[in-house]
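Working notes, beginning with the structure itself.
Both ligands and their constituent atoms are indexed starting at 1 by order of listing. In what follows, every heavy atom counts, from backbone to side chain, and hydrogens, waters and symmetry copies are set aside.
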Amino acid sequence: MEKKELQDSIRRLVKEKNAVLLAHNYQRAEIQEIADLTGDSYELSVKASKTNADIIVFCGVRFMAESAKILSPGKKVLLPNANAGCPMADMISAEELERLKSLYPDAFVVGYVNTNADVKALTDVCCTSSNAVNIVKAAPSDKIIFIPDKNLGSYVKKFVDKEMIIWNGYCPTHHHIYPEEINILKHENPDAIFVCHPECRPEVVDLADKVTSTSGIIRFTKEDPHKKFIIGTEEGIMYQLRKNSPEKEFILASNGFICPNMKRTMLEDVLLALEKNRYEINLSPAIIEKARLPLERMIQMSTAVVQK
Ligand code: 13P
Ligand code: SF4
């Protein structure tokens, strides 16, 4: 089937089945084009908690679809490609977090939303890249266990005067971008603004004019008067950047800025997901109950102070 035919068939089924198609900002352009809603991890989790649809088709990676299921346990949540995982989320297990908590029993556990459901269930509050600083600031303790992203953790640490025990995880896609590449691009494009995601290593973050979530980058580049931007995050964001600011120039900081997991989902997978109700996210009621609290607490805390 041709792209247009696939897209039309998907849209028809979405309507027929009273489904909603959510796509993360890193998804392939042809998927973002037909999504009902696109956004960063925070926006998508809020949207997933509010939808009236019977079926949520989540084009992203597994932890995102799991979060949607946790927030909407009565709905069918489908992850079109069962192999779309997040290597960073897999860098900490529930057993490892249990052990860490036993070493620091008085610490408050802030878990980046990029965690598996059984790990989330052991955290006190979740955060995303858009609200991590405010969540840690607002946490009711001066001792924080922050999991699993060491880069986001060290970014947050700059803004808070708290003891932070930071897990040694990282996003392979963002961590493998080095300051040398950015310096070359900056030298070649002295009129460009460098914007990056806080999952980048600290030496890269230090070179940035603006550090924010994927949707934060889309908003910032739209509102900022500059005309040229070096983009320090995954390639999929280029679709939204060009759509939102067609008159501006965007330079991806590296050709290697591709998350293989975010790219696994193809239009064919989305069509099959709707035709065959696959791959359904199933979590035990006990995990849903425990993991719901930190996610809901994050949404409550973020609505109190919105930081983008
Ligand atoms: P945000 O879209 O929340 O900025 O997250 C990026 C990410 O790495 C998701 O996997
Ligand atoms: Fe995970 Fe990084 Fe891919 Fe996001 S970009 S899904 S953090 S591996």
Side-chain angles (χ1 to χ4, degrees), residues 22-28 31-32 35 37-48 58-68 79-92 110-116 119-120 126-135 147-153 155-156 167-177 195-201 204-205 208 210-221 231-241 244 252-254 256-265 295 298-299 302 306-308:
L22 304 187
H24 185 264
N25 290 325
Y26 293 160
Q27 287 290 288
R28 292 173 182 274
I31 289 177
Q32 295 197 50
L37 302 160
T38 56
D40 64 14
S41 310
Y42 177 72
E43 291 166 337
L44 293 176
S45 60
V46 173
K47 286 166 182 170
F58 211 117
C59 299
V61 292
R62 182 168 292 275
F63 76 80
M64 296 179 175
E66 283 184 352
S67 298
L79 179 68
N81 188 311
N83 294 320
C86 171
M88 166 153 64
D90 294 336
M91 285 180 190
I92 185 163
V110 180
Y112 193 23
V113 75
N114 301 40
T115 42
N116 295 318
V119 171
K120 259 187 200 82
C126 288
C127 72
T128 70
S129 57
S130 72
N131 57 27
V133 172
N134 284 334
I135 296 279
I147 61 150
D149 187 4
K150 64 176 173 182
N151 292 339
L152 180 61
Y155 174 70
V156 170
W167 192 253
N168 193 25
Y170 57 88
C171 162
T173 302
H174 286 83
H175 196 60
H176 290 121
I177 304 302
V195 196
C196 83
H197 196 277
E199 285 177 14
C200 290
R201 53 175 64 238
V204 167
V205 165
K210 176 78 181 173
V211 183
T212 182
S213 74
T214 53
S215 289
I217 293 176
I218 296 162
R219 268 190 298 275
F220 174 78
T221 52
I231 302 298
T233 195
E234 210 269 347
E235 179 275 338
I237 199 171
M238 300 298 267
Y239 166 77
Q240 288 292 340
L241 293 174
N244 280 273
L252 191 63
S254 162
F257 240 142
I258 292 183
C259 168
N261 283 279
M262 280 287 179
K263 295 293 180 269
R264 283 198 211 287
T265 307
L295 274 171
M298 168 184 80
I299 295 175
S302 307
V306 181
Q307 173 246 339
K308 289 271 160 139

Test item: side-chain donor near acceptor, Thr214 and Asn25, under 3.5 Å: yes
Atoms in ligand 1 with a heavy atom of Ser213 nearer than 4.0 Å: 4 (O)
Proximity to ligand 1 by part of Asn114, non-hydrogen separation under 4.0 Å: side chain
Enumerated ligand 2 atoms positioned under 4.0 Å from heavy atoms of Glu199: 2 (Fe), 7 (S)
Shortest protein contact, atom 1 (Fe) of ligand 2 (heavy atom only): Cys86 SG, 2.4 Å
Ligand-residue contact atoms, ligand 2 with Asn114, heavy atoms, under 4.0 Å: 7 (S)
Nearest-contact summary for atom 8 (S) of ligand 2 - protein heavy atom, Å: Pro87 CD, 3.5 Å
Residue Met88 vicinity, atoms of ligand 2 by number, heavy atom under 4.0 Å: 7 (S)
N, O or S of Cys259 under 2.8 Å from atom 3 (Fe) of ligand 2: yes
Proximal atoms of ligand 1 relative to Ser41 (non-hydrogen, under 4.0 Å): 1 (P), 2 (O), 3 (O), 5 (O), 9 (C)
Between Thr233 and His174: side-chain donor-acceptor atoms closer than 3.5 Å: yes
Heteroatom proximity flag, His24 to ligand 1, N/O under 3.5 Å: yes
Under 3.5 Å side-chain donor-acceptor pair for Glu199 and Tyr112: yes
CG-OG distance between Asn151 and Ser129, expressed to the nearest 0.5 angstrom: 12.5 Å
Whether Lys263 side chain and Tyr26 backbone form a donor-acceptor pair below 3.5 Å: yes
Taking every non-hydrogen atom, the tightest pair across Met298 and Cys127: SD-CA, 3.6 Å
Thr128 side chain to Ser130 side chain, donor-acceptor N/O pair below 3.5 angstrom: yes
No-hydrogen, no-angle side-chain donor-acceptor test under 3.5 Å, His24 and Asp40: no
Thr214 N/O to ligand 1 N/O under 3.5 Å: yes
Which segment of Asn261 sits under 4.0 Å of ligand 2 when only heavy atoms are counted: neither
Ligand-side contact atoms (ligand 2) for residue partner Tyr26, heavy atom cut-off under 4.0 Å: 5 (S)
N or O pair under 3.5 Å between His197 and ligand 1: yes
Shortest protein contact, atom 2 (Fe) of ligand 2 (heavy atom only): Cys171 SG, 2.3 Å
Test item: Lys120 side-chain N/O and Thr115 main-chain N/O as donor-acceptor pair under 3.5 Å: yes
Residue pair Asn261 / Asn83: nearest heavy atoms and the distance that separates them: OD1-O, 3.3 Å
Per-residue contact class, Glu234 against ligand 2 - non-hydrogen pairs under 4.0 Å: neither
Pair Glu234-Thr173, side-chain donor/acceptor within less than 3.5 Å: no
Sub-4.0 Å heavy-atom approach of Met88 to ligand 1: no
Close approach, Cys86 and ligand 1, non-hydrogen under 4.0 angstrom: no
Check: Arg201 side chain, His175 main-chain N or O, donor-acceptor pair, under 3.5 Å: yes
Pair Thr38-Gln240, side-chain donor/acceptor within less than 3.5 Å: yes
Glu199-ligand 1 polar pair, N/O distance under 3.5 Å: yes
Contact check: Asp40 vs ligand 1, nitrogen or oxygen atoms, below 3.5 angstrom: no
Part of Met64 with heavy atoms under 4.0 Å of ligand 1, whether side chain, backbone, both or neither: side chain
